[in-house]
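Please read through the structure below; I'll follow up with questions.
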There are 2 protein chains.
Amino acid sequence: MPGVTIAEAADHVGLTADTLRYYEKDGLLLRPVPRDASGHRQYGEPDLRWIRLVTCLRATGMPIRDVRRYAALVRAGEGNEEERLALLHAHREEVLRRLAEVTAHLGAIDHKIGIYEHRLEELDRSA
Amino acid sequence: MPGVTIAEAADHVGLTADTLRYYEKDGLLLRPVPRDASGHRQYGEPDLRWIRLVTCLRATGMPIRDVRRYAALVRAGEGNEEERLALLHAHREEVLRRLAEVTAHLGAIDHKIGIYEHRLEELDRSA
DNA sequence: GGTTGACCTGGAGCGCACTCCAGGGGCGAC
DNA sequence: GTCGCCCCTGGAGTGCGCTCCAGGTCAACC
């Protein structure tokens, strides 16, 4: 048994079967997922590993089209490592930028929360 | 001059005029923005302050519908502070959850970057 | 008084990332 | 052999959050 079904794969990586088919059709995977005799997909460990990396990229906000570009680079084989690295670096910078932005805005919200808490305390005391 | 034009307001808060109109129509603001004699919107300082808070909420990923709920609470006036606070708290928790998730996934990507950097160094040395 | 430019409205359109569906095939259990 | 279940495909539909557009008003400037 060299692979798992799409339902099992979905379960392992935390996506739905529909999403896995969509990713494959959209060129996000390194190869067409192998099939068994009746045409059902059989995900091997390498497929799952790659999909887990894809979910890391997606979960950090990389757009589908960039994942596709990255997959294309890996698919093209050795020799473009600089390009892959540049893509990952650019993404990393973008993620850090967004983390900083969210953190800053969260600070403002925390401030607001503090104000409400203070106000409610006052009400409590005066009650 | 008790207010600024929509273009100026958009500029101040970092949104577009279209988005400001959309927010207003969608119930994200505390009140219909006041108009001048010819029907043009005039944003006052309170409007701008509120919109800045809205952008904080949006920038941290709060869905439009939750911003609308929050706006409705504030519009309803005093007496529902606990509810507002609960909403903000829930959002805060959600943001922290997402920050942690992104940070974790970013770690995996950093690891990948490290691998490529190492590999490229090796290539350099052997060249 | 004609032109320009900013604003108005209602509503259509768009990009993204899925998500769902109809219609059909294969296979093991009873 | 038929029931139930999982899988297949191509394509349509969905939700979100804007973004754009046509057609019109108004004030200012030349």
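Letters go in sequence order (proteins before strands), and every chain restarts at 1. Side chains are part of it too, since the values below use all heavy atoms of this structure and drop only hydrogens, waters and symmetry mates.
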Kindly state which residues belonging to residues 6-21 of chain A come within less than 4.0 angstrom of DNA chain C, counting heavy atoms of the residue only, listed by number.
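When residues 6-21 of chain A is checked for heavy atoms under 4.0 Å from DNA chain C, the hits, listed by number, are A:Asp18, A:Thr19.
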Nearest-0.5 Å distance that lies between atom CD1 in B:Ile64 and atom OH in B:Tyr23
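Between atom CD1 of B:Ile64 and atom OH of B:Tyr23 there are 4.5 Å.
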Return each pair, listed once, that meets side chain to side chain donor-acceptor pair (under 3.5 Å) where at least one residue sits in residues 104-113 of chain B; pairs must be two or more places apart or across chains.
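Every side chain to side chain donor-acceptor pair (under 3.5 Å) pair that includes a residue of residues 104-113 of chain B, provided the two are not neighbours, is A:Arg92-B:Asp110.
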Below the 4.0 Å mark, does D:dC6 have OP1 or OP2 next to a side-chain nitrogen or oxygen of A:Thr5?
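For A:Thr5, the contact criterion (side-chain N or O under 4.0 Å from OP1 or OP2 of D:dC6) is not met.
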Apply salt bridge (charged side-chain N to carboxylate O under 4.0 Å, His left out) to A:Glu81 and list each qualifying residue two or more places apart in sequence or on a separate chain.
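Listed in chain order: B:Arg119.
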Value in whole Å for how far the C1' atom of D:dC16 lies from CG of B:Asp26
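It works out to 11 Å between those atoms.
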Acceptor/donor pairs from residues 30-40 of chain A side chains to any protein atom, 3.5 angstrom cut, sequence neighbours excluded:
residue	atom	partner	partner atom	Å
A:Arg31	NE	A:Asp47	OD1	3.0
A:Arg31	NH2	A:Asp47	OD1	3.3
A:Arg31	NH2	A:Asp47	OD2	2.7
A:Arg35	NE	A:Val33	O	3.4
A:Arg35	NH1	A:Gly39	O	2.8
A:Asp36	OD1	A:Ser38	N	2.9
A:Asp36	OD1	A:Ser38	OG	3.3
A:Asp36	OD1	A:Gly39	N	3.2
A:Asp36	OD1	A:His40	N	3.0

Taking atom P of C:dC21 as reference, at what distance in whole Å does atom OH of A:Tyr22 sit?
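About 19 Å, once rounded to whole Å.
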Taking for each residue the nucleotide of DNA chain D bearing the nearest heavy atom, is the 5' side occupied by A:Arg41 or by A:Lys25?
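Final value for this comparison: A:Arg41.
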Which word best sums up how the rings of A:Tyr116 and B:Tyr70 line up, parallel for under 30°, tilted for 30 to 60°, or perpendicular for over 60°?
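Perpendicular.
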What is the distance from OH of A:Tyr43 to C1' of D:dC6, rounded to the nearest Å?
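Computing the A:Tyr43:OH to D:dC6:C1' distance gives 14 Å.
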Report yes if at least one side-chain N or O of A:Tyr23 is closer than 4.0 Å to OP1 or OP2 of C:dC18; otherwise report no.
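Result: yes.
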List in numerical order all residues of residues 47-73 of chain A for which some heavy atom is under 4.0 Å away from an atom belonging to DNA chain C.
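When residues 47-73 of chain A is checked for heavy atoms under 4.0 Å from DNA chain C, the hits, listed by number, are A:Arg58, A:Pro63, A:Ile64, A:Arg65.
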Pairs under 3.5 angstrom, nitrogen or oxygen only, protein versus nucleotides 1-5 of chain D, please.
none

If the threshold is 4.0 Å, N to carboxylate O, is there a salt bridge linking A:Arg52 and A:Glu45?
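Answer for the salt bridge query: yes.
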Starting at atom CG of A:Asp36, determine the distance to atom C1' of C:dG26, rounded to an integer number of angstrom.
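So the two atoms are 10 Å apart, to the nearest Å.
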Rounded to the nearest Å, what distance is computed from the CZ atom of residue A:Arg35 to the P atom of nucleotide C:dG25?
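Taking CZ of A:Arg35 and P of C:dG25, I get 17 Å after rounding.
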Considering only NZ, NE, NH1 and NH2 on the basic side and carboxylate oxygens on the acidic side, decide whether B:Arg21 and B:Glu24 come within less than 4.0 Å.
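No, B:Arg21 and B:Glu24 are not salt-bridged.
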